[in-house]
Amino acid sequence: MNAPLRIGIAGLGTVGAGVIRLLETNRDLIAARAGRAIEVTAVSARERGKDRGVDISGFAWEDDMTALGLREDVDVVVELVGGSDGPALTLSRAAFKGGKGFVTANKAMVAHHGLELAEAAEAGGLALKFEAAVAGGIPVVKGLREGTSANELTKVYGILNGTCNYILTTMESTGADFAETLSEAQALGYAEADPTFDIEGVDAAHKLAILATIGFGVELDFANVTTTGIVAVRAADIAQADALGFVIRLIAEADVQQDADGPKLLQRVRPCLVAKDHPLAPVDGPTNAVVAEGNFAGRLLFQGAGAGDGPTASAVVADLIDIARGDVGAPFSMPVTQLASLGPAEPGGRTQRTYLRFTVNDRPGVLAEITAAMRDADVSIESLIQQGRAGEDSEVLVAIVTHEGPEANVVRAMELLEGSDSLTGEPLVLPILPS
Ligand SMILES: NC(=O)c1ccc[n+]([C@@H]2O[C@H](COP(=O)([O-])OP(=O)(O)OC[C@H]3O[C@@H](n4cnc5c(N)ncnc54)[C@H](OP(=O)(O)O)[C@@H]3O)[C@@H](O)[C@H]2O)c1
């Protein structure tokens, strides 16, 4: 058998310890599939003495993880620390400078610095792999980079954040409101103590930008992902959506559209109504799912665990097996110099059906005011539901589903209603995902 592939691991938390456990548990099978053994030679984390549930006594220890990039006995550095900049980025640069391959689960770093890293990897003929950075254990990076590589993709979209999906589907099953469900998710470990990146859609945006680059052959453009989180979704919206035949999911979607001055990239993350018979509707709990539509493959659905030590370690080690087999390849499916620079699409010209929710004062003329704004902005109403008062002080909820029409018209209608003293809060505007 060939010489072992020697790896140095930075970060021994959930994923790092999972990788060590997986390499140990499936040692023989991995060696057989990789054509050689994969051996950990050195590790680094913050606290050397911490019990991590795995035996690290046989590995060299580095206090400064950057040193992993310089070690003679390391072929590939595995970065499982996190953070878009800081030590993880310093380590990646050191690894490429030291002639090492680099595997990471760090979506924030890849979304922000992926092109720089890929350039360094390509210049050195080195591997850069990040399967675990998108949708945990689901082989969707591989799916798009290899499985659909013969296709022109028309669309990539899906559920890319397990925390949001857990919260939304729990709200669905319990009828509880957002704040209560978030606290419960935190207690159960499905949401971080600081959940901002998840519930505001930033984490999904990181992953979407990476998928768009691989799927469409475009330069990474995380800065232009428009992002709306799930904080404004109420239990009442989920109940209304249910009555109308929908569920609510945080959907990340990307496609390339032809604008007047050429092709443009549309990337957005936002809660959407999803018809109950859509393949994304039954995706519940912390599960992730990605739909890719190819011009020859048709619609493909990738689904599975988007996080957790086992699934994420599975993706990291799959990357290592590829490297052990000699697969270097372009990290984003084509060399960085061939990725197109498209610029962001203007979404206003798109058409969609839309769900609108208003909370209003219960007094005559309010409904007329809302429907007049719709008429003046040329938004055609398909259905309107007014939910009666639940108590003396409670507000009235008005839910509207529009016919398909330009997004810009809905924006205009909302502008017409801005500042109206009939409204008791910000309206909620949720697109309806096409089936
Ligand atoms: N958890 C998941 O399910 C999951 C899924 C997909 C992707 N990811 C990504 O995987 C990466 C790791 O996530 P995780 O959940 O395993 O995180 P984690 O449990 O918080 O572990 C982070 C590890 O990094 C070490 N570390 C932090 N700062 C360091 C520094 N300055 N120098 C050296 N070591 C440092 C910590 O050391 P100590 O242990 O000594 O404190 C810890 O071992 C992140 O990029 C994350 O986004 C995670």
Side-chain angles (χ1 to χ4, degrees), residues 8-22 40 42-54 56 59-69 77-92 94-95 102-114 117 128-141 159-166 185 188-198 202-211 222 285-288 290 304-320:
I9 303 179
L12 298 171
T14 306
V15 184
V19 166
I20 291 174
R21 203 172 300 117
L22 170 52
V40 182
V43 295
S44 177
R46 266 182 308 220
E47 201 185 317
R48 188 169 187 169
K50 200 189 236 180
D51 178 9
R52 303 172 185 283
V54 288
I56 58 167
F59 314 140
W61 175 271
E62 294 285 1
D63 284 327
D64 174 7
M65 61 183 189
T66 312
L68 294 173
V77 172
V78 181
E79 183 275 310
L80 303 169
V81 172
S84 60
D85 297 83
L89 186 60
T90 307
L91 174 62
S92 69
F102 191 74
V103 173
T104 181
N106 187 338
K107 51 242 168 187
M109 182 174 72
V110 177
H112 283 277
H113 303 289
L117 300 186
L128 164 64
K129 298 204 178 275
F130 42 79
E131 180 63 71
V134 183
I138 308 171
V140 65
V141 168
I159 295 169
L160 293 177
N161 184 270
T163 302
C164 288
N165 209 56
Y166 175 84
L188 292 170
Y190 288 118
E192 306 268 349
D194 177 0
T196 317
F197 263 31
D198 291 317
V202 179
D203 173 78
H206 286 147
K207 298 165 183 168
L208 181 70
I210 297 169
L211 289 183
F222 168 69
T287 307
N288 283 194
V290 180
D309 58 341
T312 313
S314 159
V316 170
V317 176
D319 280 347
L320 290 169

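All ligand and atom numbering here is 1-based and tracks the order in the structure. Note that the structure is predicted; figures quoted are calculated from it, not measured.
- The aromatic rings of Tyr190 and Tyr166 lie parallel to each other, with less than 30° between the two planes, well short of the 60° mark.
- For the pair Ser314 (side chain) and Gly137 (backbone), a donor-acceptor distance under 3.5 Å is absent.
- The 12-atom threshold is not exceeded at CZ of Phe197, counting heavy atoms of other residues, nucleotides or ligands nearer than 6.0 Å.
- Nearest heavy atoms, Arg52 versus Leu12: NH1-O, 3.2 Å.
- Residues Leu211 and Leu160 have side chains in contact (heavy-atom distance under 4.5 Å, counting atoms from C-beta outward).
- Sorted by chain then number, the residues whose non-hydrogen atoms approach ligand 1 to under 4.0 Å are Gly11, Leu12, Gly13, Thr14, Val15, Ala45, Arg46, Glu47, Lys50, Arg52, Met65, Leu80, Val81, Gly82, Pro87, Ala105, Asn106, Lys107, Ala132, Ala307, Gly308, Thr312.
- For Phe102, the ring-ring contact (aromatic ring centres under 6.0 Å, His included) partners at least two apart in sequence or on another chain are Phe96.
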